[in-house]
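So that the names make sense, note that chain A is the first sequence line, chain B the second, and so on, each numbered from 1.
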Amino acid sequence: MSHLIIAPVVLPAVIGPLIILWMRNDLLLQRVFSIAGTALLAGVALYLNVLAAGGEVQVYRLGNWAAPFGIVLMLDRLAALMLLLTAVLALAVQLYAMGSGWDRKGRHFHALWQFQLMGICGAFLTGDAFNLFVFFEILLIASYGLMIHGGGEMRLRAGVQYIAYNLAGSTLFLAALGVLYSVTGTLNMADMALRVAAMPAEDTALLRVGAVLLMLVFAVKAALVPLHFWLPSTYANAPGPVAALFAIMTKVGVYGIIRFFTLVFPQDTVIESVVADLLLPAALFTLAIGQIGILGTRHLGRLAGFAAIGSIGTLMIAVAQFTPQGTSAAVYYLIHSTLAAGALFLIVDMIGARRGDLWLRLDRAMPGQGLIAALYFTAAIAVVGMPPFSGFIGKLLVMQATGAAPAMVWIWATILITSLIAIYALSRAGSIIFWKSFEVEGQELPSALELAPATVRGPIPPKLEPDEPIQDLGDAPANWLAVASVALLLSGIVALTAFAGPAMRLAEATAAQLHNPDAYVSAVLEGQEGTK
Amino acid sequence: MIAEIVVSVLLVLGGFFGLVGSYGLVKLPDPMTRLHAPTKSATLGVGAVLIASLIWFPARHGVLTWHELLITLFLFLTAPVTGYFIAKAHMHLGWSRDELPRPAPGKDWATFCDPDKASLVDRRAGD
Amino acid sequence: MIRRLFPHPWLSVTLVLVWMLLVNRWAVGSLVFATIIGVVVPLITAPYWPGPHGYSKPHKIPAYLAVVLWDIAKANFTVARIVLFMPRRALQPAWIAVPLDLRRPEAITALAATITLTPGTVSCDLSEDGRALLVHAMHAPEPEAVLDEIKTRYEARLKEIFE
Amino acid sequence: MSPALIAVLPFIGALLPGLLIRSGRDIAAISSATATFVALLGLCLHIPAIMAGEVVTARFDWLPSLGLNANFRIDGLGLLFGILILGIGLLIIAYARYYLSREDPAGVFYTYLMLFQGAMLGIVLSDNILLLLIFWELTSLSSFLLIGYWKHLPEGRQGARMALTVTGMGGLAMIAGMLILGNIAGSFDITDILASREAIQTSPYYLPALLLILLGAFTKSAQFPFHFWLPHAMAAPTPVSAYLHSATMVKAGLFLMARLWPVLSGTPEWFYIVATTGLITMVLAAWIAIFRDDLKSLLAFSTVSHLGLITMLLGFGTEAAAVAAMFHIVNHATFKAALFMTAGIIDHEAGTRSIARLGGLRRLMPVTFVIGTVAALSMAGIPPLNGFLSKEAMLEQATHAVWQGNPWLVAAMATLGALFSVCYSLRFVWQVFFGPERNDYPHKPHDPGFGLWSAPALLAVLVVLIGLFPGSMADWLVEASASAVTGSAQHPHLALWHGLNLPLALSAVALAGGVGLLALNRPLLAARAAIAWPDAKAIFDAITRAATCAAGFFTDRLTNGSMSRALAAFALTVVLCGLWAFSTGGYQGATRPMLPVQPVPLVGWAALMVATCCMVAFHRRRILALVLVGIIGLMVSVSFIYLSAPDLALTQISVEVVTVVLLLLALNFLPKFTVIESRDRKRGVDAFIATLTGLGFGALAYAIMRSDFAFSPISEYMLANSYKLGGGDNVVNVILVDFRGYDTFGEITVLGIAALTIFALTETLLAGASGRRLRNWVHGSRRAGDRHPLMLVVVTRLILPVSLVVGLYIFLRGHNMPGGGFVAGLVVSVALVSQYMASGFAWAQERQKINYHALIGAGVIAAGLTGIGAWFAGLPFLSSTYGYVKLPGLEEFELASAMGFDLGVFLCVMGAVMLALNSLSRIARQAGETVNLDPMDIDPSREARR
Amino acid sequence: MIAYALLFAYGCFGLALLFCLYRVVFAPGLSDRVLALDTMAINMIALLTLFGIDKGTGMYFEASLLFAMVGFISTVAYAKFVLRGDIIE
Amino acid sequence: MELLLSSAIGMLTAAGVYLILRRRSFAVVLGMTMLSYAINLFLFSTGRLVVNAPPILRDGATAYTDPLPQALVLTAIVISFGMTAVVVMMALGAFLEGGDDRVDMPRADRLPADSLSGNRMSGDGDA
Ligand code: NA
Ligand code: NA
């Protein structure tokens, strides 16, 4: 048992309060400690991946209590992978936040950031259902704070919606946990798995309700249709780096579904295909609505939000197969879509900072755009899943994994048709933002065809109010730190493409471990020497 | 036995006054008179019950607990303040200063005086 | 020194008593702990207790409490009768302005509390200079009698105790 | 040289101009040319082996589990296309060097061009269809960049977007097709697929796969009805058009059909789809080309037409037709590249590409004239140029084709196509170069420098040479490629003269007809102009605009920012899914006996229900609603007590009051009443949803309470071991600080974060627009006097120390009796709050020396350190211990390490509550409240003292 | 005997609760409702004490203490809100 | 008793759901509070109902109610308190910044200013 398993929780949980205690008025110190903490977290996550690569599920018994009575932390391949992904994303995005000056625009950015990491890491590590709720709440409440960082009317309004919606989600989470406890009498996930498997078939109604409610909880976090309404405004109004970090938050929901419905409620138990039956149509609608939203929205930030919804749709299609092949495709695509969405949100923020706003219309100049255009192009390719990046490979993997599914035609048709919509929409957005900006010089007016259909041509809007908090970057040249952080994320995508083979081997090993939960269960419940 | 009788009497007494207090809340005609009923009868009603409990435990179980005394004291300490505040609120909402007797010529009751009147030397926030 | 250690000795005594009532275990350890509390808590809360405190004749407090308790019990029956049997129309509520001789806030508070706790009257407000108390009587055909009772039965005693 | 290296070289070549983006045209061109030349050289080194029938391969595992591998092969087909791509690429690089102006960013151009070249080469050298797909889509992307290269031209942007959309659509279809194909064959390697003809053609998935793959090929090769994008891509700089639309991109579709010809062709489906499409495209596009005014547009439609021709040949499915197709690919590449370059030269020098504004250039641009004429005549199929040879072969094959039993239909249509071809080719020559010289050219035309005309000249020479000596010039290449396409050794004997035969006659008809049609050109133009032809671009624009519009409408209507809708969807989803899950499972009915109902709980229940109803009914009167919340909270707390949960009751009560205080503080600045905004119908629907949810949730609770645990709950262990192992009698508290201390650790963190968030938000608000608004705040309601009533001040002054003692008591006994750090923290907070309420925040705050931030930080750290402490004993985080301490003269008392944890809870709770209230009070102070120096407003003793 | 007395007291305070409830629902103004809430809390303390006597346990004592304290604070808070708008000023 | 509790849970849920479907943030906050009561009672009820058997170990006592749900509810209460505090504050912030306390996102969130016909509703707060 290595104490480092809990380090991803304790590390930010110590750095966060330290920042509040001793550095709350010194931004430089905050930055140093916060970035050092995140880097350390990445290191720990890397080590934990090495630890998990042995194939054994590592158990950390908190308070030295025997499972299932105390809370356990579990480290398997998936958990380790998610930790590493979180840490890498957070590191890159945090660099961006510092480079772009976002962390200066309000109080406690770094403390909240650390708490956010604490919540996410805790959620990935825990082996206890209720503890998962607690860490969900930590990551949520930190995300509320980060979401409204910098203030402003729209952001606060979106924040109210975000928090209200998630409060409803938390309520549902408690309901689901209550139902599950009332039937199984346990909260430990491994123990619950055993009990679910032993459940008599004539008494499954409540259990099924619990399982479905739990799935809906995770679906809220993952923004599956029809529980996706919170996402576009939240992501579009959140500060850029925060939206980028949120790329991992939807994945927490996906993680929850994968975890619970491979470990506790695998396909052959009383739950049967309840979840898969609901998930697949939801995933298809999510994909469609997300991609249509990319085309339909008029705001680049919302566009990125809809792209995130779309990627969740693709991801959930793979997850909903609940086959090793589907899960491994999901794991691969999950890594890809996290990095891609993170990069896209950062680029959108850069564009917003230079262009003044993010509306897709023709009257805004974008100075110094070559580099950003290249970054946008790259990220857009990755997001829509065109070659050569991992998005394409991920899409192929998902399609291949669903090739034998009964709904194969629906799945493939949805994936391909919506891809076309996304390709068109992102190329349109890109050409409006980067190519049309030349017209502002006045050589030619945009032709009527060029205008987006619903646009009413009008005067250029007045200059923004002086206290508009987002805009104070102005026409500053691309900050090297900000660009470097985006490049870091994009290079992650390139690496995921180039090393698709090894990455997929990892994903397959992860999926194999997930679909063989016996090892997990016995790691938790057997051989508990020395515990209370 | 004596304890039991005392306790029973106290309980009946407490129940009676508690009931009367709350009944007054319903029966009495205007808000100001209604204010009288609960703040006293309920206080004594609860007081009697609490004292009954104070007596009952040592008599029945052989354990003397003083907690009830604390609660009673606490209630007696706070009840006047809540009555005072509800009365003030009611004066503020429902009565004009002319319907009340004056405290002294040229003086007014605190509730009716200038809301922003400084206590003596106030500072503006942020100074 | 003693003064600084025990800024409010009566408070300290009260707190020791409260602690002992709470733990309900009359042991040496508890008393030691209660004493510690009796010292520490008043020190912590001292900033909230500006100005002079204390009583001039504390020995008169029990007699006053007895009077008040007796009045409460007595008046309860009166009020109960009024509530239960008196028709709504027969009720004669009255506002009474009680000019105050008391000056210390603690004394005024004690008087107001007494008035409220005795059934039939509620103290409602202070005048803006703090020299009069507004009392509402639920059924007072003769307001003067009520005023007289307050002045003589309670205020006089309190003035002795506090000032 | 390894095929993989050859495929990678252009990408390496793309890096250099990108890196040397500012070093000018020469460096960029030279570096690109070098890479291209080396690749071409490497390719040519393999010629002997390929001519010997070998297939050169290179294999690298990339993603074996998917079957996606970096496998490359060079066979005859790859060789043919490779030579075209690299050879013409080299010429284009040279041509573009002189074509681009100094202002054009050459580095970017060459980067895009080389990216495109690499993608194209990758397609033809792939030995894995998934790899091929990747390169395929890369050509779409890089051509998007190339077509949109001149960003200032709207046509460029639209053309680029159209090309990307149409070819992207095909590419996506092809993904599906390729996956199906690979799954049938059991492998995605082309080598394996080519060996599974039988399995593929008998599979039920053959037709879907075929259709999907052909969709990709047709869109890429601009076959009818996807022909419309190609002319609009002509907005690209001419070198791009010359490259993309003569030799490379549009031929990718042809390549694919040829590549999969052995496994896909030979079926009726193949014949009718491919040959018919090709035929229609050939004729239709040729017809349109006759009328185009823009030179490049004319050439574009002629390209479409010739692509249709080749498609038709491949569609015939015979080996001879395949040979002819290969030959025409070569020929078309040579004359069409030359023609595009010629058109570019004319545009460059004369300043226009409009045929109407040209004419008479024969003498002004003699070199261009010669090159253009030679190429155009080849396109027209005039002997002895190479176009003639392959056109003869085409007509020959067309005469053998039988369409639905009709033996002459295809031949007749093919002849018609040839006729149109003659017409537009001659028109190109006639109306550009002949006729009178004009004096209104935009620029004064003259022949360009050698750099610009050398490349087309070389191609023109090839046109002539292949025409004259096909056997030695092209035989080997056609043989190699045709053998690769058909999968069997082909020995075409290409010759100029085949004797007097039917094709020659048809050629003659076509020639004569074409000349005749040219003579009728003007009336025809007028006639055509009179008819409103559907404009493909307008249609495409209409479709995309409609799609964008529909998507916008749909998205805006669906995700319209309505919170109510989001939550209604949420509630309905939950209820319906839950209902479905329940009804599909087994339920044995209520098994647990019910607790009897006592009258007093019944009254409490009634109070709760009534208060809740009133709450909903009166919710618009916000203060009243808060009072009702207070009642509901009271009832909930009492029911916790009644049902054996004293700890819960304590927590609920104390949380309740802090919540009410918080809400009241906020309500001071919010409107006091909610206006009615929803229509009756919406309220009805909402009420329905709410009732449904309530019923569902209530029923669920009932079902749970009436059923037993299916397994013994883990809490039995906790009850049994709480004292033994946790050292506490209060099992709930032991669970909180020990069994599940980790949860509590998280919980206080949540509270701390909440307070920090509130604080940060307050700071932001006060600094921003809200701060200004607050400074000008006017209180809406009339306010009473006496802010700090004397009586309250005196009583709270007494309550504060007593409450501290009570808080301490609750804290200390928590481990064994109801209570604990959390409740204690709240009790102390409430006592402080009452002090603040009495004497004002500022007055109280001045007497408060502890920083609330520090309290929160200290609380979390204290709890964390208690947990970490266990590490030093080698135990996991949060392992607790307890023991009994005996001090001299005193009784034994218990000390548990969990109390340190509880202390953290206490500090954190207090810090959080006070920081949150502090923040709200700061908002009030911003709104102009004054700070009092004395604890109470009215103090007679103060005046007496003075 | 004690059992009957308890029953009587239960009945009285239960009924009292109902009277309070009536005043909450049908009241001319806010102050009446606040008063009813305050009375309810006090009645609850009585009921809890009765429950303690009934079950012979002192387990619920702190709850009563908190009810007293909290009833006081929230009543003052409501009233202060009515009077001044800002309850902590 | 089970029936009473479950009907109360259902009632609170219905009230909460109805209120969170309103258009003003304060009503939504009230609804969230109602929902949190409902869920706390629900979670508590999963330990099944027992009268006078609190999970505090006493000599002689044999039956205890299930302590675990109580611990969970405690955690949930605390968390929902924190959440409520944040959402109240955020609603207040949105009101102060935007001038009204609507929860729906205004059209300006989805459409650029020049495509709005200038009829953006003005705030109705008492500011
Ligand atoms: Na609450
Ligand atoms: Na709550």
### Task
Mark yes or no for whether E:Tyr78, through its side chain, and D:Leu626, through its backbone, hold a donor-acceptor pair below 3.5 Å.
yes

### Spacing of E:Glu62 atom CD and D:Ser654 atom OG [to the nearest 0.5 Å]
12.0 Å

### Query
Of the backbone (N, CA, C, O) and the side chain (C-beta and beyond), which part of D:Arg813 lies under 4.5 Å from a heavy atom of chain E, both, or neither?
side chain

## Note on the structure
Rounded to the nearest 0.5 angstrom, the CZ-CG distance for E:Phe81 and D:Leu663 is 10.0 Å

#### Entry: Per-residue contact mode, E:Phe13 against chain D (heavy atom under 4.5 angstrom)
neither

### Message
Distance check, rounded to the nearest 0.5 Å: E:Lys80 atom NZ versus D:His788 atom NE2?
### Response
5.0 Å

### Query
Given a strict heavy-atom distance threshold of 4.5 Å, which part of D:Ile799 is in contact with chain E: side chain, backbone, both, or neither?
side chain

### Query
Is any residue of residues 614-625 of chain D within less than 4.5 Å of chain E by heavy atoms, and which ones?
D:Cys614, D:Phe618, D:Arg621, D:Ile623, D:Leu624

### Message
Treating E:Arg84 as the side-chain partner and D:Arg783 as the backbone partner, does any N or O pair qualify as donor plus acceptor under 3.5 Å?
### Response
no

### Query
Just how far is it from atom CG of E:Leu83 to atom CZ of D:Arg782, taken to the nearest 0.5 Å?
10.0 Å

## Note on the structure
Taken to the nearest 0.5 Å, the spacing of D:Ser803 OG from E:Leu66 CG works out to 9.5 Å

### Task
With a 4.5 angstrom heavy-atom cut-off, could you sort out which part of E:Met44 is near chain D: side chain, backbone, both or neither?
side chain

### D:Val600 and E:Leu50: CA distance, side-chain angles, deciding distance, side chain to side chain contact (heavy atoms under 4.5 Å, CB included) verdict
CA-CA 11 Å; D:Val600 177; E:Leu50 293 177; over 6 Å; no

### Message
Need one label for D:Val806: side chain, backbone, both or neither, based on atoms under 4.5 Å from any heavy atom in chain E.
### Response
side chain

### Task
Select one option (side chain, backbone, both, neither) describing which atoms of D:Leu826 are under 4.5 Å from chain E's heavy atoms.
neither

### Query
Taking all atoms of both residues into account, what is the closest heavy-atom pair of D:Val627 and E:Arg33, and its distance?
CG1-O, 4.1 Å

### Task
Pick one of side chain, backbone, both or neither for E:Leu47, based on which atoms fall under 4.5 Å of a heavy atom in chain D.
side chain

### Message
Please give me the minimum heavy-atom distance between D:Ser921 and E:Ile88, naming the atom from each residue.
### Response
OG-CG2, 3.7 Å

### Task
Provide the closest heavy-atom pair for D:Val661 versus E:Ala77 in the form atom of the first, atom of the second, distance.
CG2-CB, 4.5 Å

## Note on the structure
Residues D:Ile641 and E:Ala63: closest non-hydrogen pair is CD1-CB, 3.3 Å

### Task
Indicate yes or no: at least one non-hydrogen side-chain atom of D:Met837 is less than 4.5 angstrom from one of E:Ile73.
yes

### Query
Atom CG in E:Leu21, atom CE in D:Met635: separation rounded to 0.5 Å?
7.5 Å

#### Entry: Derivation and outcome, side chain to side chain contact (heavy atoms under 4.5 Å, CB included), residues E:Phe67 and D:Val638
CA-CA 10 Å; E:Phe67 270 126; D:Val638 174; 3.5 Å; yes

### Query
Closest approach of E:Met69 and D:Val827, non-hydrogen atoms and distance?
CE-O, 3.5 Å

### Query
When only pairs under 4.5 Å are counted, which of D:Leu650, D:Asp786, D:Val660 shares the most heavy-atom pairs with chain E?
D:Leu650

### Task
Return the option, out of D:Ala784, D:Gly840, D:Ala844, with the maximum number of heavy-atom pairs under 4.5 Å with chain E.
D:Ala784

### Task
Determine the minimum heavy-atom distance between D:Gly630 and E:Leu37, stating which atoms define it.
C-CD1, 4.0 Å

## Note on the structure
Of D:Leu602, D:Leu667, D:Ile810, D:Val833, the largest count of non-hydrogen pairs under 4.5 angstrom with chain E goes to D:Leu667

